[in-house]
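Chain letters run A, B, ... following the sequence lines, proteins first, then strands; residues in each count from 1. Heavy-atom basis, side chains included; hydrogens, waters and symmetry copies ignored.
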Amino acid sequence: MNRERSTFLQTLLAALPLLLMGCGAQGPDWRTLQPVSDFGRLGADVYDDLIWWTLGILVVVELLLLYALLRYRSARSESEVPSQVHGFTALEIAWTLVPAAILFFIAIPTVRTIFELQGAPPSEDALEITVVGHQWWWEFQYPELGFVTANELHVPVGRTANLTLSSADVIHSFWIPQIGGKRDLNPGSENRLWFTPTEVGEYYGQCAELCGTSHANMRMRVFVDDSATFAEWAAAMQAPAIPDSAGAMTFLISGCAACHTIAGTPAQGKVGPDLTNVGRRTTLASSLIPNTPEHMAGWLRSPDSVKPGALMPDLNLDEQRVNELVRFLEGLR
Amino acid sequence: MSVRAMTAPGHESLYSGGMRSWLTTVDHKRIGVLYGISALFYFVVGGVEALIIRLQLASADGTVVGADTFNQLFTMHGTTMVFLVLMPLSAALFNYMIPLMIGARDVAFPRLNAFSFWTFLFGSLLLNLSFLVGNPPDAGWFGYANLTSKQYNPGMGIDFWLLSVQIMGIASIASAVNFTVTILNMRAHGMSLMRMPLFVWMALIVQVLMLLAFPPITVAFIYLMFDRFFGTHFYIPDAGGTPILWQHLFWIFGHPEVYILILPSFGVVSEVLPTFSRKPLFGAPFMIFSGILIGFLGFGVWSHHMFTTGLGAVADTAFSLATMLIAIPTGVKIFNWIATLWGGHIHFKTPLYFAVGMVGLFIIGGLSGIMHASPPVDIQQHDTYFVVAHLHYVFFGGTVFGLFAGIYYWWPKITGRMIGEGLGKLHFWLMFIGMNLTFFPMHFLGMDGMPRRIYTYAADLGWERWNLIATVGAFVIAVSVLVFFVNAVRSVRAGEPAGGDPWDGATLEWTMSSPPPEYNFAIVPVVNSARPFWLHKFGPTRDISTRTREEGTPPQPDTPPERIDLPSPSGWPILAALGLSLVGGGALVGLWLVLVGVAVLVFGVYRWAFQPLERLGHPTFGPAPGGGR
Amino acid sequence: MDSHATTFGVPSRKMAMWVFIASECMFFGSLIATYLSYEGKSLVGPTPEEILNIPLTSVSTFVLLMSSLAMVLALDAVQTGDRRLARLWLGAVIVLGGLFLGGQVYEFNHFYHEGLTLQQNLFGATFFVLTGFHGAHVTVGVIWMVTLLVMSLRGRLGPERSLDVEVAGLYWHFVDVVWIVIFTVVYLIQ
């Protein structure tokens, strides 16, 4: 009995610091706690608060439980009976009120932050961006700047971005952990989300609401650029590369134009991503693969094996056609 | 100790009889066993699904299964564990124990009880039939519209899912009506509401939640069925419908469902901790009212599952605060459990291990739940592995550990035999370690940005280490379940006879033999205390709350002094259940099969309605001529 | 097991019907809530204002109300052992319930020809599903009443079986009350 009991308790006791160590050692790397925007910072502040509150309560309550087990183990004969305490009202009221008080301290910042996060964007001169979710890729429209791109969002550091979110098919959820919390893209209605990026860099994001076969592959990148880089990028997007006409013809006769738009060509399809300046993107196929000629060729040969369920059909292109298309598309920059 | 020796020898004959006797049984104890075996079978099925999921995620860019198969696996895993494992496993304990604990001969409607079980079983078979036709559902157990619409999900998987869950919903409502009435109306003399064991109280709250929570999901399913079968547009945005309607209806059901799954475990722990610390439950009235409050508040918090949907700041605030309120009665329960152990003489038996494990693990799930109550935090945690961690600490750490505490606690009562302590503790430790290895790292993954329901992830994200550890943990859990089955088989084959009262229990079920006789109580007991058998064994002097000179409830005699009539077995409930399931399954085949189902259902119900409960040759016991079996 | 003494002194079957009615409240509550939340959200006609016939439905509402009265009288007749009156009033419940259903069939048919179908718009979908499920409940009730009438005709519905009628009556009244709510929400408040 004694041996069993002590292993039981020792293991439990050992587990606790291990878990805490896990938190301590890993904490600094966790994306959701490393915000790079004011929006993410507001949430992370409450998050930090709550982590300490809950860890504190966890330790106290688990230690109480362990202490009770340790202290009141039975060493007596089975038929002996301890004092039959049925309750102690004052104590019970106390442990009703104390949690209530703690919740009060959690509720205050929570409510304040809810209204901050869902209020109007903090700046008048926000960059308007419309995000449309598709199975399984992201469409980013810059209505003020007059261009559309896909899967790679560029925003200038220090300027608020004001996102209008909706979906072309099923529900998706826009989430870049380091930028902040997610918000759903609902078909048939619009949601809003603003954030002001505070650190230049490239950040990872992906769809957070199950949206079908390739939900796991609906990824994106956010590039927070300094103002000069962003201006340069926007200018390039506004003045698209002049496509070479032979390549454009290949693009058209291969059937790509049924779904894709390339500014400055007759290709004006709206089903798939806008490929204007696709050569400037760092990744392809909703950020699944790097934008290299080899990967581009693989994607064109068999979209489904890169992104299962992809709505882009396998056009059974021969090798020569694939090479022409790759050269053409990579040249769009 | 002398008290224990007095109890009658077990009535193993309870389980004798051929296949036919099991198909037509109306005995709550046998139906409880049927529920238990079905649930444990599906526990293995859902567990295997989980293991494949974990294998796929053990490393980045996993290739064990493809995208579609993965989506099917987690959909079936969730649906199976919720509707085919945790609910029926609770139902098994409710069925077997509630009549014994309130001093009743059976439930209020024995044949309706059989109907509930068979309807559940046929519904669960229909769901798993989707594997055989190669098209299991793949839109998650929560099946958010409009991913479930014909346009985006043309296969039959969603149809299997929506029809089978509706059929099982009917079983749940029938069972909830039955047990609500049983608990309210079939109590032995003196068993007032405040003397009812906590397990029965939690069961009553669960029944009420099922009664009120299943209709909204039924309506949600009806709309989905009409959208898919008849071309309506309830969830179709192009025609003005909104997919968010599904979310509301689903979570108005879904959040009470959380309490439907956890409260039975709360009830078990509230029985096990007092028995093994040899003290009464600390603050029983607080425990009862906090349970009621949890159930009541459970209906007002559904939108905390929708903080990312975009309902607006005011709605988010209201649902956030309501959710935080639930932490208060839940905290009361935890503290009262600890106070129950406090000052006791704690005996470290396997049921206590699981009960303590449940408390310790549920605290973690409860605390991460408080984090979700805060929308600014939740929008970072929602649909990530943090939530997967949270819900498994609640449903695995909370419900599964609690229900295993119940299984080990009542195993001797049900089987008449003790179950191995050594293997039981090995089971506990493996499960405890495996569970923490599997689910604790998921907190870290969620905080690092790993979403749920993804079949693959890139290697450069830094998620491989914790995923691999989680997978190892899942296999440790699998081994622990294997240990349980070995232990169970050994106990049934060669376990030591348990006697009526192996744990020195306080409540009515321990006053009878193990297993109990068909008629439960030879003499319907008279109850003067919340711990009637304890009062009998130890007297009122040490029982400070009783302050009474009244007698406790003595052990049951071997044979009934008066004649006892029991209801006859009936084949009509299973026929009606079959008809109902044919109506559902027929919708996938053709109208003719639906009509056959309706005919079978109506025929079964009419024969059932006009069949007397006790017919010629019904089981009788006691001194009357021709008594006994 | 009604024969056994019950804790509350209420027959278990009666309590079960009350409990079931609580559940049904949530069922119809969800249907009605959906109807309300989709009110005015249809993208195309016909709209409720264009198509609902309040006078006709008022008549069928009155018919259903009267059936509840007949139900009360039928129960009274069974309890007092007056078989002739019991049959008469049970027959009246069946006829009035049947009339209500006939009115609903006429209404559905009429709407269908006016272009309102399940698929036409959200009003059609929510209207037909809500009133259709109510109609299905009435149909079950009528079948139940026919069963009781046949029992009575075979002389098997004496005062000792009055609980059978009482439980059926509870169901019938509930379905009636639900209709009052639906009539108010769908027809009167537009």
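Annotation for Gln119(C) and His233(B): closest pair O-CE1, 3.0 Å, computed over non-hydrogen atoms. Of all heavy-atom pairs spanning Phe234(B) and Thr126(C), the tightest one is CE2-CG2, 3.7 Å. The heavy-atom pair separating Thr218(B) from Phe27(C) by the smallest distance is CG2-CE1, 4.1 Å. Of all non-hydrogen atoms in Val19(C) and Val181(B), the two that sit nearest each other are CG2-CG2, 4.3 Å.
One finds the CG atom of Leu245(B) at 9.5 Å from the CG atom of Leu122(C) (value rounded to the nearest 0.5 Å). Taking CD1 from Ile244(B) and OG from Ser37(C), the interatomic distance works out to 11.5 Å, rounded to the nearest 0.5 Å. Atom CZ of residue Phe8(C) and atom CE of residue Met186(B) lie 13.5 Å apart, to the nearest 0.5 angstrom. Going from atom CG of Leu43(C) over to atom CG of Asp238(B) covers 9.0 Å, rounded to the nearest 0.5 Å. Note that the CG atom of Leu118(C) and the CZ atom of Phe226(B) stand 6.0 Å from one another [nearest 0.5 Å].
Using a 4.5 Å heavy-atom cutoff, the side chains of Glu24(C) and Pro215(B) are not in contact. Within the 4.5 Å cutoff, the side chain of Leu31(C) has heavy atoms near those of the Tyr223(B) side chain. Side chains of Phe133(C) and Ile222(B) form a contact here, defined as non-hydrogen atoms less than 4.5 Å apart. With contacts defined as side-chain heavy-atom distances shorter than 4.5 Å, the pair Phe610(B)/Thr147(C) qualifies. Between Phe128(C) and Thr232(B), the closest side-chain pair of non-hydrogen atoms is not below 4.5 Å.
Atom OH of Tyr187(C) sits in a crowded spot, with more than 12 heavy atoms from other residues, nucleotides or ligands closer than 6.0 Å. Counted within 6.0 Å of CH2 on Trp608(B), heavy atoms from surrounding residues, nucleotides or ligands total more than 12; the atom is thus considered enclosed. By the 6.0 Å contact criterion, NE2 on His189(B) is open, its count of non-hydrogen atoms from other residues, nucleotides or ligands being 12 or less. By the 6.0 Å contact criterion, CZ on Arg161(C) is open, its count of non-hydrogen atoms from other residues, nucleotides or ligands being 12 or less. Other residues, nucleotides and ligands contribute only 12 or fewer heavy atoms inside 6.0 Å of the CZ atom of Phe62(C).
Top candidate by heavy-atom pairs under 4.5 Å with chain C, chosen from Val524(B), Leu184(B), Asp227(B), is Leu184(B). Comparing Val44(C), Asp164(C), Val129(C), Ile143(C) by how many heavy-atom pairs each has under 4.5 Å with chain B, the most go to Val129(C). The candidate with the highest count of non-hydrogen atom pairs below 4.5 Å against chain B, out of Ser30(C), Cys25(C), Ser23(C), Gly9(C), is Ser23(C).
Using a 4.5 Å cut-off between heavy atoms, Met151(C) touches chain B through its side chain atoms alone.
Between the side chains of Thr7(C) and Asn185(B), no donor-acceptor pair is found at a separation under 3.5 Å. For the residue pair Thr242(B)/Tyr38(C), the side-chain donor-acceptor check at 3.5 Å is not satisfied.
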